[in-house]
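Inspection log for the structure reproduced underneath, given as structure tokens.
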Amino acid sequence: MIMIVITGATGALGGAVVEHLLRRIPADRIGVSVREVAKARHFADRGVRVRHGSYADAAALRDSFEGADQVLLVSQSAADGEGIEFHGNVIQAAVAAGAQRILYTSHQNVREDSPFGPAREHAGTEALLAASGIAWTSLRNGFYAHSLDWLLGPWQQTGTIAAPADGPASWTDRADLAEAAAVILAGQRAFDGPVTLTARHAVTFDQIAMTAAELTGRDITRAVLDDEQWLADRITAGAPEHMARMLLQFFQAARSGDFAGTDPLLAELLGREPRTVADFLSDRIGSTPR
């Protein structure tokens with residue numbers, strides 16, 4: 001029996017992938033590898049195999065991957081470059097367990113010299129996958145649209161999107177990406193190496209401000225802030241410095257066009273149009289008191 005094992009299945013992305021798989025294949029063909037087994041009880045109750053598998057515990061990972069034909073490695077962010085080390089542990093364990101393919105949740109336009117730290121980490125992990133000796137697929141996901149909650153600021157209250165200079169980004173819904181990952185995992189079509197999964201269009205904050213104005217019927221303006229002043233203000237407001245600096249790196253990479261690419265594959269896999277920035281803003285407008 002072919003088994004698909006999902007790591008990080010108690011997180012938002014991994015959990016959504018499992019939910020979509022349950023609609024496509026029998027539960028006894030699905031396994032999850034999680035740090036806290038108790039948090040995955042809702043999957044076990046539905047017939048999914050649940051095993052402990054910490055990215056830092058090679059033996060536990062091998063056990064959680066037993067019998068796996070495919071392993072979905074959901075990327076983890078860690079300080080001081082530990083993310084690549086953790087991902088390497090998962091890759092080695094999957095190989096040792098006899099998996100035939102590893103799929104990895106990467107990011108669009110990864111490169112070792114990117115100003116965006118996570119892109120460098122994804123590039124390092126893709127290099128490990130390429131050297132692993134087994135088939136692999138890197139799902140180069142578009143920038144998650146929910147990141148706009150952190151990046152746009154309190155625009156509904158102020159009427160202004162105040163942030164550093166940016167560039168076009170193909171903001172992509174995480175739920176759409178989870179569904180696409182499940183389609184690939186459960187399907188018959190093999191995808192080798194990196195594939196790009198994005199929304200149809202890349203937009204700037206100027207365009208987002210115009211869309212927000214159309215949806216709200218209000219004047220929504222775009223103010224460009226100095227990088228260092230924005231960073232200092234974020235830290236003063238209580239944001240952890242490492243997180244604030246990573247967010248600033250988004251703007252720096254976006255200005256270089258790093259997130260401007262789009263690809264039709266996501267729509268093809270979904271069999272419908274992916275959600276848009278307008279959809280995202282409509283959700284936020286509808287859920288936030290004015």
Could you go through Thr10 and Glu36, starting from their C-alpha distance and side-chain angles, then the distance that decides it, and tell me whether this counts as side chain to side chain donor-acceptor pair (under 3.5 Å)?
CA-CA 8 Å; Thr10 54; Glu36 298 182 55; over 6 Å; no
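- Test Thr198, Thr172, Thr196 against Thr262 for side chain to side chain contact (heavy atoms under 4.5 Å, CB included) and you get one pass: Thr198.
- Salt-bridge check for Asp166 with Arg222: passed, with a basic side-chain N closer than 4.0 Å to an acidic carboxylate O.
- Applying the 6.0 Å contact sphere to CD of Glu112 captures no more than 12 heavy atoms from other residues, nucleotides or ligands.
- For Arg111, the CZ atom is densely surrounded, since the number of other residues' heavy atoms within 6.0 Å is greater than 12.
- With sequence neighbours excluded, the residues that form a side-chain contact (heavy atoms from CB on, under 4.5 Å) with Ala175 are Asp173.
- Side-chain atoms of Asp233 never come within 3.5 Å of backbone atoms of Trp230 as a donor-acceptor pair (strictly under, hydrogens ignored).
- Leu21 is not listed as a side-chain neighbour of Glu19, based on a closest heavy-atom distance of 4.5 Å or more.
- Put simply, CD on Gln76 and OG1 on Thr105 are 8.0 Å apart, with the number rounded to the nearest 0.5 Å.
- Linking ILVMFWY residues whenever their side-chain heavy atoms come closer than 4.5 Å, directly or via other members, leaves Val110 and Phe116 in distinct clusters.
- To the nearest 0.5 Å, atom CG of residue Leu139 and atom CG of residue Leu177 are 8.5 Å apart.
- Not a single donor-acceptor pair under 3.5 Å links the side chain of Arg275 to the backbone N or O of Arg174.
- In this structure, CD1 in Ile184 is found 11.5 Å from CD1 in Ile4, a value given to the nearest 0.5 Å.
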One pair to check against side chain to side chain contact (heavy atoms under 4.5 Å, CB included): Ile208 and Trp155. What are the steps and the verdict?
CA-CA 11 Å; Ile208 290 175; Trp155 65 272; over 6 Å; no
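- Around the CZ atom of Arg35, the shell of radius 6.0 Å holds no more than 12 heavy atoms that belong to other residues, nucleotides or ligands.
- Checked by atom type and distance alone, the side chain of Arg284 never pairs as donor or acceptor with a backbone atom of Asp149 at under 3.5 Å.
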I'd like to know whether Arg101 forms a side chain to side chain donor-acceptor pair (under 3.5 Å) with Thr137, so could you lay out the CA-CA distance, the side-chain angles of the two residues, the decisive distance to 0.1 Å, and finally the verdict.
CA-CA 8 Å; Arg101 179 179 294 273; Thr137 306; 2.9 Å; yes
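- Between Leu73 and the options Ile6, Ile91, Val5, a side chain to side chain contact (heavy atoms under 4.5 Å, CB included) holds for only Ile91.
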His242 and Arg245: CA distance, side-chain angles, deciding distance, side chain to side chain donor-acceptor pair (under 3.5 Å) verdict
CA-CA 5 Å; His242 74 280; Arg245 289 191 179 280; over 6 Å; no
Using side chain to side chain contact (heavy atoms under 4.5 Å, CB included), reason through Val183 and Arg24 one step at a time and then give a plain yes or no.
CA-CA 8 Å; Val183 170; Arg24 289 169 170 79; 3.6 Å; yes
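- The main-chain N or O of Ser138 is never found under 3.5 Å from a side-chain atom of Ser106 such that the two would form a donor-acceptor pair.
- Using modelled atom types, no side-chain atom of Ser147 and backbone atom of Phe143 make a donor-acceptor pair closer than 3.5 Å.
- The main-chain N or O of Tyr55 is found under 3.5 Å from a side-chain atom of Asn89 such that the two form a donor-acceptor pair.
- Side-chain atoms of Gln108 do not come within 3.5 Å of backbone N or O of Leu197 as any donor-acceptor pair.
- In this structure, Gln249 contributes its side chain and Gly117 its backbone to a donor-acceptor pair below 3.5 Å.
- For Asp219, the CG atom is loosely surrounded, since the number of other residues' heavy atoms within 6.0 Å does not exceed 12.
- Comment: Arg272 engages Asp176 in a salt bridge, judged by a side-chain N to carboxylate O separation of less than 4.0 angstrom.
- Judged by distance alone, with hydrogens and angles left aside, the side-chain atoms of Ser54 form a donor-acceptor pair with the main-chain N or O of Ala56 at under 3.5 Å.
- More than 12 heavy atoms of other residues, nucleotides or ligands lie within 6.0 Å of NE2 in His42, so this atom counts as buried by the packing criterion.
- Under the side-chain contact (heavy atoms from CB on, under 4.5 Å) criterion, Ala169 pairs with Trp171, Phe250, Phe259, sequence neighbours left out.
- Residues Leu269 and Leu72 fall within the same hydrophobic cluster, defined by Ile, Leu, Val, Met, Phe, Trp and Tyr side chains chained together at heavy-atom separations under 4.5 Å.
- The hydrophobic clustering, which links ILVMFWY residues whose side-chain heavy atoms are closer than 4.5 Å, places Trp150 and Met246 together.
- Cluster annotation: Met243 and Leu231 are assigned to the same hydrophobic cluster (Ile/Leu/Val/Met/Phe/Trp/Tyr, side-chain heavy-atom contacts under 4.5 Å, transitive).
- Here the side chains of Ser33 and Val71 are not in contact, with every heavy-atom distance at 4.5 Å or above.
- Here the side chains of His122 and Tyr104 are in contact, with some heavy-atom distance below 4.5 Å.
- Considering CG of Leu248 and CD of Glu241, their distance stands at 11.0 Å, rounded to 0.5 Å.
- Rounding to the nearest 0.5 angstrom, the gap separating the CG atom in Asp263 from the CD atom in Glu268 is 9.0 Å.
- With values rounded to the nearest 0.5 angstrom, His52 atom NE2 is found 8.5 Å from Ser64 atom OG.
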From CA spacing to verdict: ring-ring contact (aromatic ring centres under 6.0 Å, His included), Phe280, Tyr144:
CA-CA 11 Å; Phe280 167 85; Tyr144 291 157; over 10 Å; no
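- Checking side-chain atoms of Thr160 against main-chain N and O of Ala162 turns up no donor-acceptor pair under 3.5 Å.
- Within the 4.5 Å cutoff, no side-chain heavy atoms of Asp192 are placed close to those of Trp136.
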Test log, rule side chain to side chain contact (heavy atoms under 4.5 Å, CB included), inputs His201 and Gln207:
CA-CA 11 Å; His201 305 288; Gln207 292 168 303; over 6 Å; no
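- Ala165 pairs by the side-chain contact (heavy atoms from CB on, under 4.5 Å) definition with Val224, Arg255, not counting sequence neighbours.
- Taking hydrophobic clusters as Ile, Leu, Val, Met, Phe, Trp and Tyr residues chained together by side-chain heavy-atom distances below 4.5 Å, Leu215 does not share a cluster with Met210.
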